[in-house]
Structure formats: structure tokens, C-alpha cells
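One structure below.
Please read these numbers as outputs of a predicted model, since none were measured by experiment. Numbering starts at 1 and runs along the sequence shown. The figures here come from the full heavy-atom set of this structure, side chains too, leaving out hydrogens, waters and symmetry mates.
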Amino acid sequence: MRSFGQGRTGVVRAAQDDRGVFRQMQIVVGIITISDRASGGQYQDLGGPAVKAAAEKHGWDVLAEAIVPDEKKRIQDTIRSFSVQGCGLILTTGGTGVAERDVTPEAIREIMRLEIPGFGEVMRAQSMKITPNAILSRSLAAIVDSSLVIALPGKPSGAVECLGFVEGAIPHSVALAQRKPTSC
């Protein structure tokens, strides 16, 4: 077995066997709640704690958390800050709908290296089995700097469900974002 990464100071810790197959992976996570009301103290953040609990259930290491208003620059600065801190996976919750202040997808697209359309497609398709309103979601995933960023819905149950729909692709995507050796 060969080890990659640098533990908590790195973003991905993994062991790879002689065939190049990853056997374990530690993912370092940053969670950003995007909400004018929650950031202003008018509303209790429920999305961030729900996403954190889901991340910890997967055994991921939650390193950073923030609540920011629906403002592109604040969203972008927080994503970049979390990436610099070593978060290989950044999960946002909120701002993915069609309301006037929902700017999360635009904020991410302005700073991304590339978008990964399959994440959003799967999240919407699976969510449509639960609610017809899923068609309004603009959830997405992208590579920003050296992090995989996934924009999840703001509703706690929707955020956790959507994370569950794409969890299988996350370890490999994080490794690629971090330019770590992978099995492909």
C-alpha cells in the first residue's frame, strides 16, 4: 500500500494498493450556509448543521463552517478561503433556487475551473422522485482552485438527500481536484 496526502494539513488522505485502487480516503470538508436571514441572525441555520451531520456520518473531517449572505463576493471569498485552508470538499447549502437573491450557482461559475454537470443532473433527477419542485433547483458541482464544490439546496432534508445521491462520486472527484493519483 502507498499513501498519498498529508493528513489534516493536506486535503485528501488515501491508501492505494498495487493495482492503483483506493482503499480508504479521508476527506476534509468546509460547509457554507448561504442565507441572508441566517447570516443576519433572523433565522436559525438548519441547513449547515444537517449537512455537517451527514458529512460526519460519512467519516469526513469537517474543518471549516460559515454562514454568509446571498452575495456573490462573500460566497466566492469564503469558498476560496476554505480551499486555501485545505478543504478538498466544500459543500454549500442555499441559494440554488430561482428567487431573485439566489446567486450561488452564478457565484461558483464565476470562479470555477470547470463545472461537473453530472452532479446537478443526478441531484435533480433523483429529487424529482421526491418532489416536483426539484425541477427548480440549480444545484451544481464544480472544481474551484483545488476543491470540489457542491452547491446543495437550502432545505435541510433536500441538502442531505442530494448529498446522498452523489456521495459515491465524491472521493474520486476530490482526488482529481487535488491532483492526486487515482485509479483511472
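With 3.5 Å as the limit, one finds a donor-acceptor pair spanning the side chains of Ser137 and Ser139. A side-chain donor-acceptor contact under 3.5 Å links Ser81 and Gln85. Side-chain atoms of Glu110 and Gln76 include a donor-acceptor pair closer than 3.5 Å.
Contact check on Arg101 versus Asp36 returns a salt bridge, with a Lys/Arg side-chain nitrogen under 4.0 Å from an Asp/Glu carboxylate oxygen. Ion pairing between a basic and an acidic side chain is recognised when a charged N comes within 4.0 Å of a carboxylate O; Lys72 and Glu106 show no such pairing.
Within the 3.5 Å criterion, the main-chain N or O of Ala169 finds a donor-acceptor partner in the side chain of Ser173. A distance-only check finds a donor-acceptor pair linking the side chain of Thr104 to the backbone of Gly94 [under 3.5 Å]. A donor-acceptor pair under 3.5 Å is absent between the side-chain atoms of Asp145 and the main chain of Ser147, judged by distance alone. The closest donor-acceptor contact from the side chain of Arg138 to the backbone of Gly97 lies under 3.5 Å. Without hydrogens or angle criteria, Thr93 side chain to Pro153 main chain gives a donor-acceptor distance under 3.5 Å. The backbone N or O of Arg74 sits nowhere less than 3.5 Å from a side-chain atom of Asp77 that would complete a donor-acceptor pair.
Nearest heavy atoms, Met123 versus Val166: CG-CG1, 3.7 Å. Heavy-atom minimum distance, Pro171 versus Glu167: CD-O, 3.4 Å. Contact detail for Ala177 and Leu148: the closest heavy-atom pair is CB-N, 4.0 Å. Taking each heavy atom of Ala142 and Ile108 in turn, the nearest pair found is CB-CG2, 3.8 Å. Taking all atoms of both residues into account, the shortest heavy-atom contact from Ser39 to Val68 is CB-C, 3.7 Å. Across Ala151 and Thr92, no two heavy atoms sit closer than the pair CA-OG1, 3.1 Å.
With a 4.5 Å cut-off on side-chain heavy atoms, Ser127 and Phe165 count as touching. Counting heavy atoms from C-beta outward, Val144 and Ser83 have side chains that stay 4.5 Å or more apart. Side-chain contact between Val62 and Val28 is absent, with no heavy-atom pair separated by less than 4.5 Å. By the 4.5 Å heavy-atom criterion applied to side chains, Ile143 and Ile116 are counted as neighbours. At a threshold of 4.5 Å between non-hydrogen side-chain atoms, the residues Leu152 and Leu91 count as touching. Counting heavy atoms from C-beta outward, Ile170 and Phe119 have side chains that approach closer than 4.5 Å. Counting heavy atoms from C-beta outward, Asp61 and Ile27 have side chains that stay 4.5 Å or more apart. Between Val29 and Ile90, the closest side-chain pair of non-hydrogen atoms is not below 4.5 Å.
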Problem - Residue pair Ile79, Ile32: steps toward the side-chain contact (heavy atoms from CB on, under 4.5 Å) verdict - result: CA-CA 8 Å; Ile79 289 170; Ile32 306 169; 3.7 Å; yes
Problem - Derivation of the side-chain contact (heavy atoms from CB on, under 4.5 Å) call for Met128 and Ile135 - result: CA-CA 7 Å; Met128 284 294 295; Ile135 201 164; 3.8 Å; yes
Problem - Leu176/Lys180 under side-chain contact (heavy atoms from CB on, under 4.5 Å): CA gap, chis, key distance, verdict - result: CA-CA 6 Å; Leu176 291 172; Lys180 303 291 181 189; over 6 Å; no
Exercise for the section: Starting from the C-alpha separation in whole Å, work towards a yes-or-no answer on side-chain contact (heavy atoms from CB on, under 4.5 Å) for Phe82 and Leu63. Expected result: CA-CA 9 Å; Phe82 282 12; Leu63 175 67; over 6 Å; no
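Note: the hydrophobic cluster containing Val103 does not contain Leu136 (ILVMFWY, side chain heavy atoms under 4.5 Å, direct or indirect links). Note on Ile150 and Ile111: separate hydrophobic clusters, where clusters join Ile, Leu, Val, Met, Phe, Trp and Tyr whose side-chain heavy atoms are under 4.5 Å apart, directly or indirectly. Hydrophobic clustering of Ile, Leu, Val, Met, Phe, Trp and Tyr side chains at less than 4.5 Å, counting indirect connections, keeps Ile31 apart from Leu140. Both Val122 and Leu89 are part of a single hydrophobic cluster, where members link through side-chain heavy atoms under 4.5 Å apart.
Residue-environment remark: CD (Gln44) stays at or below the threshold of 12 foreign heavy atoms within 6.0 Å. In Leu114, the CG atom is crowded: over 12 heavy atoms of neighbouring residues, nucleotides or ligands sit closer than 6.0 Å.
Annotation: the span from Ile34 atom CD1 to Asp70 atom CG amounts to 7.0 Å, rounded to 0.5 Å. The CG atom of Asp45 lies 8.5 Å from the CD atom of Glu65; values are rounded to the nearest 0.5 Å.
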